[in-house]
Structures are given as structure tokens and as C-alpha cells.
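Here's the structure we're looking at; comments come further down.
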Amino acid sequence: MIGIIGGSGLYNIEGIKVLEEVKVETPFGEPSDSYIVAEYKDKKVIFLPRHGRGHKFPPHLINFRANIWGFRKLGVNRILSVSAVGGINPNFNPGDFVISDNFVDFTKSRIQTFYEGIYSKDSDTNYQDEVEEYLNTKRVVHIDVTEPFCPIMRESLIKACRENGSKFHEKGVYVATEGPRLETKAEIKMFSNMGFDIVGMTLVPEVVLARELKIHFGSISIVTNLAAGISENRLTSDEVVEMMHKKNEEIKQVILKFLDILPDNFNCQCEEVLKGAAI
Ligand code: HPA
């Protein structure tokens with residue numbers, strides 16, 4: 001089953017039938033909002049507004065663990081993340097879509113793991129999967145994130161953007177900042193010198209946590225503005241919201257195409273991520 005994390009209103013798509021709204025409790029606290037369970041053709045799709053409806057939570061206060069755990073509890077094994085970003089690379093312009101292929105983490109205060117325990121082996125229990133086993137036996141887990149995104153989801157997103165005729169970049173390094181403030185000119189200059197393409201505040205730890213649960217994860221970002229100092233003007237949230245509104249229909253079309261293209265069954269490296277990862 002597929003989960004989509006994005007802005008509120010994203011589930012209001014022609015062709016997608018909303019079935020119910022479910023509140024999910026998790027051992028990690030409350031998710032940003034209730035999950036919206038919907039149907040597209042013969043597929044179940046579950047939406048979650050990342051910041052909660054009405055944009056209640058700033059990026060650094062989003063309960064990312066609860067959000068991702070809630071998806072797992074509902075049976076989601078693939079997550080598509082839709083987010084707004086600033087453009088650092090001069091070729092990445094407002095309105096462009098980006099299918100990131102890697103990230104760099106400059107966040108400061110976020111919990112990035114489900115596995116925080118002290119090792120205490122309990123070898124007699126039959127666990128449903130490694131996630132359950134590692135959590136129950138309080139293992140310390142270091143997942144590989146050499147390639148953080150699901151290759152099949154990336155490929156499907158690229159095809160969806162191409163078929164839709166959208167302007168997009170099939171690769172991009174996303175630098176995650178803590179927020180909620182925007183960046184300084186000097187920070188963006190440093191990020192630019194380091195070769196990063198786009199900047200946003202939410203991809204980390206979203207992708208990391210999903211990966212820890214063996215959930216395939218793909219990301220599509222919309223460049224809403226030129227990053228600080230690249231833009232000649234001061235930055236505003238109005239500009240970000242305006243661009244998201246402007247691109248809303250196009251994003252929805254890309255999502256529908258993506259849902260059509262993504263294979264129902266596939267195996268890839270995401271499922272192997274816990275093999276040999278626990279100490
Ligand atoms: N910086 C960080 N996050 C963002 C930006 C930005 O310029 N635009 C949209 N999200």
C-alpha cells in the first residue's frame with residue numbers, strides 16, 4: 001500500500017475517492033493529523049498532511065516518528081513525499097520539480113531513529129519482521145543510506161513527470177536545514193559551493209525513518225523560490241504558498257501518473273536495509 005505525505009488538500013484529486021479518515025495512535029506519540037484513506041482505481045492510497053491541517057506544526061516540531069510509524073501500522077510499505085524547496089543550483093528555477101537522488105543533513109534537533117535501545121537479546125520469540133525484533137530486543141541499528149531513495153520509486157516519478165510534460169530534474173542533492181527560519185545568504189553560498197541543489201526543512205528525518213522500517217521512499221519537491229541570496233529579494237512564506245497553489249493541479253496529475261506507473265510488486269535494496277545493520 002502507498003502513503004503520500006504532502007500538504008493538506010492534496011488528496012482532493014479527481015479520480016481519487018476518499019473512503020475514511022482514521023486517527024492512529026503510535027508508541028511515539030501523535031501523528032500530525034488523521035490519515036485519509038482513499039482509493040484510486042484498484043489501489044488504496046493513504047494521505048497525511050505533514051504539517052497537520054491548517055499548517056499547525058513547524059518543521060522542527062513535526063512528530064516524524066509518529067507519522068511514519070502510523071503509516072506502517074496502516075500497512076503502508078511505500079511512501080511518496082511531496083515537499084516545497086528553495087532552489088540553490090542556478091538551473092533549478094521556481095516551478096521546477098526535483099526527484100532528489102541524495103541528501104545532506106544540516107538539521108539539529110530531530111530524532112532520526114526508532115532504534116534507541118540497549119541490547120538485550122530475547123531469542124525465544126518469533127517476530128513478524130526484523131523491525132519488530134530489533135525494537136523488542138532493543139538493538140542498536142545503523143542503516144546504510146548510501147542511496148537513501150527507492151530506485152523504483154525514483155524511476156516511476158521520473159516517468160510520471162516526463163509523461164506529464166512537466167519541467168523537472170531527475171537528480172538533485174537536497175540539503176535539509178533545521179528551520180523554521182530561512183537560511184542566511186552565507187549559508188546558501190556555502191551550500192552552493194558544496195554542490196547542493198535544493199534546500200528544504202522536512203526530508204530529513206522523514207526518509208531516514210521510513211528506511212529504518214524498510215518502507216520504500218521516493219521524494220518529489222517543487223522549487224517554490226530561489227534560495228536566500230540567490231534571489232535578489234527577501235524571501236517570504238507568501239511566495240512559497242503561492243507557488244504551491246500554482247503548481248497544485250500539476251502535482252496532482254503527476255501523482256496520478258505515478259500511481260499508474262509504480263509496479264504493484266517489486267523488490268529492491270530498500271527491503272535489505274536491516275540485513276546486517278544491527279549490532
Ligand atoms: N529554504 C528552506 N526551505 C524551503 C525554502 C527555502 O528557501 N523554500 C521552501 N522551503
Side-chain angles (χ1 to χ4, degrees), residues 1-26 30-56 62-64 66-84 97 99 128-129 131 149-166 202 206-207 209-211 213-222 244-245 247-268 270-271:
M1 207 185 304
I2 182 147
I4 301 182
I5 314 182
S8 32
L10 209 57
Y11 52 88
N12 190 5
I13 305 181
E14 206 168 315
I16 290 201
K17 186 173 156 214
V18 173
L19 303 175
E20 58 173 334
E21 238 184 84
V22 283
K23 204 166 182 287
V24 178
E25 285 180 9
T26 86
E30 272 190 41
S32 297
D33 213 315
S34 336
Y35 292 77
I36 294 132
V37 181
E39 200 171 47
Y40 172 63
K41 297 184 180 166
D42 56 346
K43 295 173 197 198
K44 250 208 187 151
V45 186
I46 301 185
F47 292 87
L48 179 70
R50 177 183 289 113
H51 298 273
R53 262 161 284 188
H55 213 101
K56 294 191 283 258
I62 292 171
N63 190 339
F64 290 99
N67 288 354
I68 301 296
W69 191 266
F71 274 123
R72 171 178 155 98
K73 204 169 164 187
L74 293 171
V76 164
N77 62 349
R78 301 120 187 248
I79 291 178
L80 171 63
S81 155
V82 182
S83 64
F97 291 140
I99 322 295
Q128 172 204 312
D129 64 0
V131 172
F149 300 102
C150 170
I152 313 294
M153 292 189 70
R154 287 196 70 249
E155 204 179 290
S156 302
L157 279 167
I158 290 166
K159 279 189 193 151
C161 285
R162 194 171 289 139
E163 270 187 25
N164 202 49
S166 295
T202 55
E206 213 161 69
V207 56
L209 292 169
R211 195 163 166 79
L213 303 184
K214 300 198 294 180
I215 296 174
H216 303 269
F217 191 99
S219 156
I220 182 162
S221 300
I222 298 99
M244 287 307 268
H245 276 146
K247 298 297 280 187
N248 202 29
E249 276 314 304
E250 195 178 342
I251 297 163
K252 290 177 178 180
Q253 292 315 311
V254 170
I255 290 175
L256 290 187
K257 288 205 159 60
F258 167 77
L259 293 173
D260 283 331
I261 292 167
L262 188 71
D264 287 335
N265 296 303
F266 61 85
N267 290 314
C268 69
C270 309
E271 275 144 52

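Keep in mind that the numbers below use all heavy atoms, side chains included, and drop hydrogens, waters and symmetry copies.
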Taking C-beta and beyond as the side chain, do [X] and [Y] meet within less than 4.5 Å on heavy atoms?
X    : Y    : answer
I2   : F258 : yes
I5   : T202 : no
E14  : L256 : no
N77  : E271 : no
K252 : N248 : yes
L80  : L157 : yes
S34  : R53  : yes
K43  : D264 : yes

Within 6.0 Å of [atom1] in [X], more than 12 heavy atoms from elsewhere:
X   : atom1 : result
K17 : NZ    : no
E25 : CD    : no
E20 : CD    : yes
E39 : CD    : yes
K44 : NZ    : no

Rounded to the nearest 0.5 Å, what separation is found between the [atom1] atom of [X] and the [atom2] atom of [Y]?
X    : Y    : atom1 : atom2 : result
K257 : N164 : NZ    : CG    : 4.5 Å
F47  : I16  : CZ    : CD1   : 4.0 Å
R162 : I261 : CZ    : CD1   : 10.0 Å
E249 : I251 : CD    : CD1   : 9.5 Å

Matching residue for H216 among F266, F71, F149 - test: ring-ring contact (aromatic ring centres under 6.0 Å, His included): F266

Criterion side chain to side chain contact (heavy atoms under 4.5 Å, CB included) against N67, the qualifying member of L48, V24, I79, D33: L48

Closest contact, heavy atoms only, [X] versus [Y]:
X    : Y    : value
V76  : G3   : CG1-N, 3.5 Å
T26  : P31  : CG2-CG, 4.1 Å
R154 : I99  : NH2-O, 3.2 Å
S166 : E250 : OG-OE2, 2.6 Å
C161 : I220 : SG-CD1, 3.8 Å
I4   : I255 : CD1-CG2, 3.7 Å

Worked check of side-chain contact (heavy atoms from CB on, under 4.5 Å) between L259 and K41: CA-CA 9 Å; L259 293 173; K41 297 184 180 166; over 6 Å; no

Side-chain donor or acceptor of R50 paired with backbone N/O of S32 under 3.5 Å: no

Step-by-step side-chain contact (heavy atoms from CB on, under 4.5 Å) determination, L74 to M1: CA-CA 9 Å; L74 293 171; M1 207 185 304; 5.6 Å; no

side-chain contact (heavy atoms from CB on, under 4.5 Å) partners of N63, counting only residues at least two apart: R65, A66

Step-by-step side-chain contact (heavy atoms from CB on, under 4.5 Å) determination, I215 to L209: CA-CA 9 Å; I215 296 174; L209 292 169; over 6 Å; no

Trace of the side-chain contact (heavy atoms from CB on, under 4.5 Å) decision for V131 with R72: CA-CA 11 Å; V131 172; R72 171 178 155 98; 3.6 Å; yes

